[in-house]
Amino acid sequence: MIKYRHNYPLDPSDIVRVFESSGIQRPTTDLRRITRMFQNANLVLSAWADRRLVGVCRAVTDFSYCCYLSDLAVEREFQKRGIGRTLIERLRSVIGEEVTLIVVSAPSTVGYYPNVGFEPIQNGYIITRQR
Ligand SMILES: CC(C)(COP(=O)(O)OP(=O)(O)OC[C@H]1O[C@@H](n2cnc3c(N)ncnc32)[C@H](O)[C@@H]1OP(=O)(O)O)[C@@H](O)C(=O)NCCC(=O)NCCS
């Protein structure tokens with residue numbers, strides 16, 4: 001059975017393992033940057049199979065108006081079992097109805113987000129990080 005935790009402290013090396021196994025592109029060779037990413041996010045949900053971290057959902061929000069979902073990743077062998085969907089459902093329940101949830105999809109998951117409640121937008125803009 002999968003258990004879910006809210007803002008539970010995560011070991012950066014577990015995060016790297018989940019990111020790398022999931023296929024998500026994140027700066028996993030820079031452990032200090034991964035550590036900062038999680039230290040400074042204010043809403044992190046995690047999925048656990050016993051003591052093993054198998055899924056991560058990292059967001060930044062004001063709990064009042066907007067929430068940016070930055071990273072959603074599920075370890076490869078645990079994918080397609082509803083863990084990603086449950087992480088998003090839990091995120092939505094924490095932020096509530098006043099908050100718009102925004103995600104920038106990787107090309108491989110463009111088809112995923114409509115499955116879990118997101119609508120595409122035409123009016124988004126971005127200034128992309130340099131590295
Ligand atoms: C995207 C990801 C988080 C989905 O997690 P998951 O636990 O496997 O997804 P779920 O089991 O909750 O899937 C929910 C639904 O979406 C479908 N789905 C899963 N991955 C999909 C994909 N890449 N594209 C389209 N649909 C997808 C599932 O089949 C399921 O459909 P159903 O409800 O009709 O059965 C996971 O595949 C992953 O970690 N991918 C690599 C990391 C990544 O690129 N993350 C996004 C960065 S923006």
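All values below were derived from every heavy atom in this structure, side-chain atoms included, with hydrogens, water molecules and symmetry-related copies excluded. Counting starts at 1 for both ligands and their atoms, in listed order.
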Does any non-hydrogen side-chain atom of L10 lie less than 4.5 Å from one of V44? yes
Please list the nearest protein heavy atom to atom 18 (N) of ligand 1 with its residue and the distance rounded to 0.1 Å. Y112 CD1, 3.4 Å
Hey, is ligand 1 close enough to V116 that some N/O pair sits below 3.5 Å? no
Mode of R81 contact toward ligand 1 - side chain, backbone, both, neither (heavy atoms, under 4.0 Å): backbone
Taking 4.0 Å as the limit for heavy-atom contacts, which would you say applies to Y113 with ligand 1: side chain only, backbone only, both, or neither? side chain
Using the rule given for side-chain hydrogen bond (donor to acceptor under 3.5 Å, both in side chains), can you reason through R76 versus S21, listing the C-alpha separation, both sets of side-chain angles and the distance that settles it, and then say yes or no? CA-CA 5 Å; R76 187 165 305 272; S21 144; 5.3 Å; no
Where ligand 1 meets Q79 - atom numbers and elements under 4.0 angstrom, heavy-atom basis: 8 (O), 36 (C), 37 (O), 38 (C), 39 (O), 40 (N)
Please identify which atoms of ligand 1 are closer than 4.0 Å to at least one heavy atom of S108. 23 (N)
Tell me which pairs pass ring pair (Phe, Tyr, Trp, His ring centres under 6.0 Å) where either residue lies in residues 38-75, with sequence neighbours left out. Y8-W48
Would you list the atom pairs, donor with acceptor, under 3.5 Å between side chains in residues 124-131 and any protein atom, with sequence neighbours excluded?
none

Below 3.5 Å, N or O to N or O, backbone or side chain included: is there any such pair between S105 and ligand 1? no
With a sphere of 6.0 Å drawn around CG of N40, does it hold more than 12 non-hydrogen atoms of other residues, nucleotides or ligands? yes
Rounded to the nearest 0.5 angstrom, the OG-CD1 distance for S93 and I88 is 12.5 Å
Which of R17, R81, K80 passes salt bridge (charged side-chain N to carboxylate O under 4.0 Å, His left out) with E75? Answer is R17
One finds that the ligand 1 atoms under 4.0 Å from a non-hydrogen atom of G111 are 24 (N), 25 (C), 26 (N)
Any idea which of I83, T86, L72 brings a heavy atom closest to atom 3 (C) of ligand 1? L72
protein heavy-atom neighbour closest to atom 39 (O) of ligand 1 works out as V74 N, 2.8 Å
Taking the side chain as every heavy atom from C-beta outward, state whether I95 and L43 have any pair of such atoms under 4.5 Å apart. yes
Output yes when a protein non-hydrogen atom is found under 4.0 Å of atom 23 (N) of ligand 1, and no otherwise. yes
For L69 and I102, what are the C-alpha separation, side-chain angles and deciding distance, and is it a side-chain contact (heavy atoms from CB on, under 4.5 Å)? CA-CA 6 Å; L69 167 58; I102 299 157; over 6 Å; no
So is G82 polar-close to ligand 1, meaning N/O to N/O under 3.5 Å? yes
Of all protein heavy atoms, the one nearest atom 44 (O) of ligand 1 is T109 CG2, 3.6 Å
Check: D14 side chain, L53 main-chain N or O, donor-acceptor pair, under 3.5 Å: no
If you scan protein heavy atoms around atom 41 (C) of ligand 1, the nearest is S22 O, 3.2 Å
Heavy atom of the protein closest to atom 30 (C) of ligand 1 (residue, atom name, distance): R85 NH2, 4.4 Å
Go through ligand 1 atom by atom and flag the ones less than 4.0 Å from a non-hydrogen atom of A106. 48 (S)
Atom pair CD/OG1 of E20 and T28 - distance to nearest 0.5 Å: 3.5 Å
In this structure, which one of L87, V54, T86, V74 forms a side-chain contact (heavy atoms from CB on, under 4.5 Å) with I2? V54
Measure the distance from atom 47 (C) of ligand 1 to every protein heavy atom, then report the residue, atom name and distance (to 0.1 Å) of the closest one. I24 CD1, 3.7 Å
Residue, atom name and distance, where the atom is the protein heavy atom closest to atom 8 (O) of ligand 1: K80 N, 2.7 Å
Suppose I only count heavy atoms of A73 and a 4.0 Å limit; which atoms of ligand 1 are within that range? 39 (O)
Is the shortest side-chain heavy-atom distance between H6 and V94 below 4.5 Å? yes
State whether the number of non-hydrogen atoms from other residues, nucleotides or ligands found under 6.0 Å of E77 atom CD is greater than 12. yes
R26 to ligand 1: N or O pair under 3.5 Å? no
Atom indices of ligand 1 within 4.0 angstrom of G84 heavy atoms, with elements: 5 (O), 6 (P), 7 (O), 12 (O)
Any V104 heavy atom less than 4.0 Å to ligand 1: yes
Atom 17 (C) of ligand 1: the protein heavy-atom neighbour that sits closest, reported with distance to 0.1 Å: N115 ND2, 3.4 Å
